[in-house]
Visitor: 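Before I ask anything, let me first share the structure, which is written out below as C-alpha cells.
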2 protein chains.
Amino acid sequence: MTSPSWESLPDRLRARGLRWTPQRRVLVDVLSSTRGHVTGSELVERCRAVDPATIPSTVYRTLDVLEDLGVVRHGHGPDGREEFHVLPEAEHGHLHCESCGTSWDLSLDDARTLVRSLRARRGFVVDLSHVTIVGRCAGCVDPTPP
Amino acid sequence: MTSPSWESLPDRLRARGLRWTPQRRVLVDVLSSTRGHVTGSELVERCRAVDPATIPSTVYRTLDVLEDLGVVRHGHGPDGREEFHVLPEAEHGHLHCESCGTSWDLSLDDARTLVRSLRARRGFVVDLSHVTIVGRCAGCVDPTPP
DNA sequence: CATGCTGTTGCAACTGGTCGCAATAAGGGG
DNA sequence: CCCCTTATTGCGACCAGTTGCAACAGCATG
C-alpha cells in the first residue's frame, strides 16, 4: 500500500545535500496516507492535526522540495487553487464542469490526441497532471428532462 | 477598433435590472482599450490610474457581472492567477512552458482533436478560453546546442 | 421632481499562498 | 563527540482575491 519510495526519502534528500527534519517527516507521513489529490491548505490542516505547531510556509516549501524529487506534482483546480497529486500515479489531468461543479479524471488516453498533436506540431510536451480542462458536462449541456 | 458592444453596455445592464455606475464606467473604459489578456490585479492597477479611489473588490465584482454578460471571460494562468480575455476574440487557450516560462496561444484549431474527442466520448463541451496547458516547449525539451 | 426599492459600493476581516530574514539545527568532517 | 557549514524553520509582512454587512445611490415610478 505504501509506496517503497517513502522509506528512502531521507537518504534521497541527504544525497542531494538536503535535510530530513521533523517537519518534513510530518508532511511525508500525511502524504503517504493520501490517495488522489489534495489542496495545499488541506495538507496544512492535516499536518496541523498531527503537529499543531505546523507553519504553512514550511509545508509549502517542503512541497516544492518534494516536487523536485518527483514525489508529488502540483496543478491548479478550476478556481486556480493548488492541487497536489501524490506519485506514482497514472498521470492524468482533470475535467471540471463549470455549471454543476463536478470533476472527472482526464486520462492520458483521453488526452492522447492533444498530447500527440502538440508534440507533432510544436514539439511541446504536455505535463498533463498540471492541467484542468473546464467546460460543461453532458448533463449540463443537454438537460434532458426525466 | 472599439467593439460596438461597449456603447450598449449601460442599456444591457439596465435591461437586466442592473446599474450603470461611475466605478463600472472606469473599468469598462479600461477594458475597452485592452487587447489580449490581463490579470485581475493589472486591471485594478489600471483602474486606479484613472480613479485612485478604486477599490479592488468592486473591480472583481464588476468583472463577475461583465462575465455574465459575456463581455469578458476569465481563466487561470500557469500559476493559478486569474487572467481575463476581452471578447469578442477568437476563443483560445494557452500553452505555457514550465521551464522557460514562455506562453503561446492555443488556437481552437490546435485543440480541435481534444475538444472533439471529449464531446464525442463524454458529451463534454470544452471552454477553451479557461484552459492553460502546461509542459515543456521544443526548445527546453531538446536543447540543441548552437 | 420627489420617493422608495434594491443593486452597488466601501470597508474590514479573512483565505490561500509567497517572500525575506534572523535564529535554529541537521549532519558530515575532524 | 564536538564543530562548523549551510539548509531549514518560524515569523511577520505582503499579494491576489473573496465575503459579509451597513451605508449609499441608480433609476423606475408616480
Side-chain angles (χ1 to χ4, degrees), chain A residues 8-28 37-48 50-69 71-84 101 130 132, chain B residues 8-28 37-48 50-69 71-84 101 130 132:
Chain A
S8 64
L9 243 184
D11 287 333
R12 295 215 284 140
L13 284 164
R14 284 190 276 258
R16 290 194 177 202
L18 306 178
R19 289 167 194 178
W20 182 239
T21 67
Q23 295 86 343
R24 293 188 172 172
R25 214 184 81 76
V26 169
L27 176 57
V28 167
H37 3 84
V38 235
T39 65
S41 56
E42 267 167 4
L43 288 172
V44 171
E45 251 177 272
R46 295 195 200 174
C47 284
R48 245 202 260 275
V50 178
D51 175 2
T54 300
I55 264 71
S57 57
T58 298
V59 174
Y60 289 111
R61 284 188 286 219
T62 300
L63 285 167
D64 284 349
V65 170
L66 295 179
E67 189 155 13
D68 275 352
L69 290 190
V71 174
V72 299
R73 230 161 217 234
H74 90 279
H76 297 277
D79 57 355
R81 297 220 167 110
E82 287 197 315
E83 268 187 7
F84 290 88
H130 205 120
T132 295
Chain B
S8 64
L9 242 183
D11 287 333
R12 293 216 283 142
L13 284 163
R14 283 189 278 258
R16 291 197 177 199
L18 306 178
R19 289 165 194 178
W20 182 240
T21 67
Q23 295 85 344
R24 290 186 175 175
R25 214 185 81 75
V26 170
L27 176 58
V28 167
H37 4 83
V38 235
T39 64
S41 55
E42 267 167 3
L43 288 172
V44 170
E45 251 177 90
R46 294 193 200 175
C47 285
R48 246 203 259 274
V50 177
D51 176 2
T54 299
I55 263 73
S57 59
T58 299
V59 174
Y60 288 110
R61 284 188 284 220
T62 300
L63 284 167
D64 284 350
V65 170
L66 295 179
E67 188 154 15
D68 275 352
L69 289 190
V71 173
V72 299
R73 232 166 216 229
H74 90 280
H76 297 277
D79 56 356
R81 298 221 165 110
E82 286 197 315
E83 267 187 3
F84 290 88
H130 205 117
T132 295

Visitor: Would you compute the distance between atom CG of A/Leu66 and atom CZ of A/Arg24 and round it to the nearest 0.5 angstrom?
Guide: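 Spacing of CG (A/Leu66) from CZ (A/Arg24) equals 7.5 Å.
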Visitor: Rounded to the nearest Å, what distance is computed from the CD atom of residue B/Glu45 to the P atom of nucleotide D/dC15?
Guide: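 Atom-to-atom, B/Glu45 to D/dC15, this comes out as 11 Å.
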Visitor: Rounded to the Å, how far apart are B/Glu42 CD and D/dC15 C1'?
Guide: 14 Å
Visitor: Expressed in angstrom and rounded to an integer, what is the separation of B/Ile55 atom CD1 from D/dA16 atom C1'?
Guide: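 Whole-Å distance recorded here is 16 Å.
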Visitor: Heavy atoms from C-beta onward define the side chain here; which of C/dG17, D/dT9, C/dT9 lies closest to that of A/Arg81?
Guide: C/dG17
Visitor: Can you tell me how far CG of A/Asp79 sits from NE2 of B/His74, rounded to the nearest 0.5 angstrom?
Guide: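 Separation between the atoms: 8.5 Å.
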Visitor: Starting at the 5' end of DNA chain C, which residue's closest nucleotide do you reach first, A/Tyr60 or B/Thr54?
Guide: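 The answer here is B/Thr54.
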Visitor: Can you give one letter per nucleotide of nucleotides 25-30 of chain C, 5' to 3': B if a protein heavy atom sits under 4.0 Å from the base, S if only from the sugar-phosphate, - if neither?
Guide: BBSS--
Visitor: Throw together a table of side-chain donor-acceptor distances under 3.5 angstrom for residues 10-20 of chain B, partners on residues two or more places apart or in other chains.
Guide:
from, atom 1, to, atom 2, distance (Å)
B/Asp11, OD1, B/Arg14, NH2, 3.4

Visitor: Please determine if a side-chain N or O atom of B/Gln23 lies less than 4.0 Å away from the OP1 or OP2 oxygen of C/dG10.
Guide: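 Answer yes for this pair, as a side-chain N or O of B/Gln23 is under 4.0 Å from OP1 or OP2.
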Visitor: Rounded to whole angstrom units, what separation is found between the CZ atom of B/Arg12 and the P atom of C/dG7?
Guide: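 Taking CZ of B/Arg12 and P of C/dG7, I get 19 Å after rounding.
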Visitor: Which heavy atom in B/Leu9 sits nearest to a heavy atom in B/Val71, and how many Å separate them?
Guide: CD2-CG2, 4.2 Å
Visitor: Rounded to the nearest 0.5 Å, what separation is found between the CZ atom of B/Arg61 and the CG atom of B/Leu27?
Guide: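 The distance works out to 13.0 Å.
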Visitor: So what does A/Gly17 hit on the nucleic acid, given a heavy-atom distance under 4.0 Å: a base, only sugar-phosphate, or nothing?
Guide: sugar-phosphate
Visitor: Within this structure, what is the CD-CG distance for the pair B/Glu67 and B/Leu69, rounded to the nearest 0.5 Å?
Guide: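 Reported value, rounded in 0.5 Å steps: 10.5 Å.
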Visitor: What nitrogen or oxygen pairs link the protein and nucleotides 20-23 of chain C at under 3.5 Å?
Guide:
from, atom 1, to, atom 2, distance (Å)
C/dG20, O6, A/Arg61, NH1, 3.1

Visitor: What is the separation between atom NE2 on A/His76 and atom P on D/dG17, rounded to the nearest whole Å?
Guide: 13 Å
Visitor: Taking A/Val26 as the fixed residue, which of A/Thr21, A/Thr58, A/Val50 is the one that meets the side chain to side chain contact (heavy atoms under 4.5 Å, CB included) rule?
Guide: A/Val50
Visitor: If I take atom CG in residue B/Leu27 and atom P in nucleotide C/dT8, what distance separates them, rounded to the nearest angstrom?
Guide: 13 Å
Visitor: Can you tell me the distance, in whole Å, between the CZ atom of A/Arg24 and the C1' atom of D/dT9?
Guide: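 The distance from CZ of A/Arg24 to C1' of D/dT9 comes to 9 Å, rounded to the nearest Å.
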Visitor: If I take atom CZ in residue A/Arg16 and atom P in nucleotide D/dT8, what distance separates them, rounded to the nearest angstrom?
Guide: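 About 11 Å, once rounded to whole Å.
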Visitor: Is it true that, when you exclude B/Arg48 itself, more than 12 heavy atoms of the residues, nucleotides or ligands shown sit nearer than 6.0 Å to its CZ?
Guide: yes
Visitor: Could you pull out the closest heavy-atom pair between A/Phe84 and A/Leu43, with the gap in Å?
Guide: CD1-CD1, 4.1 Å
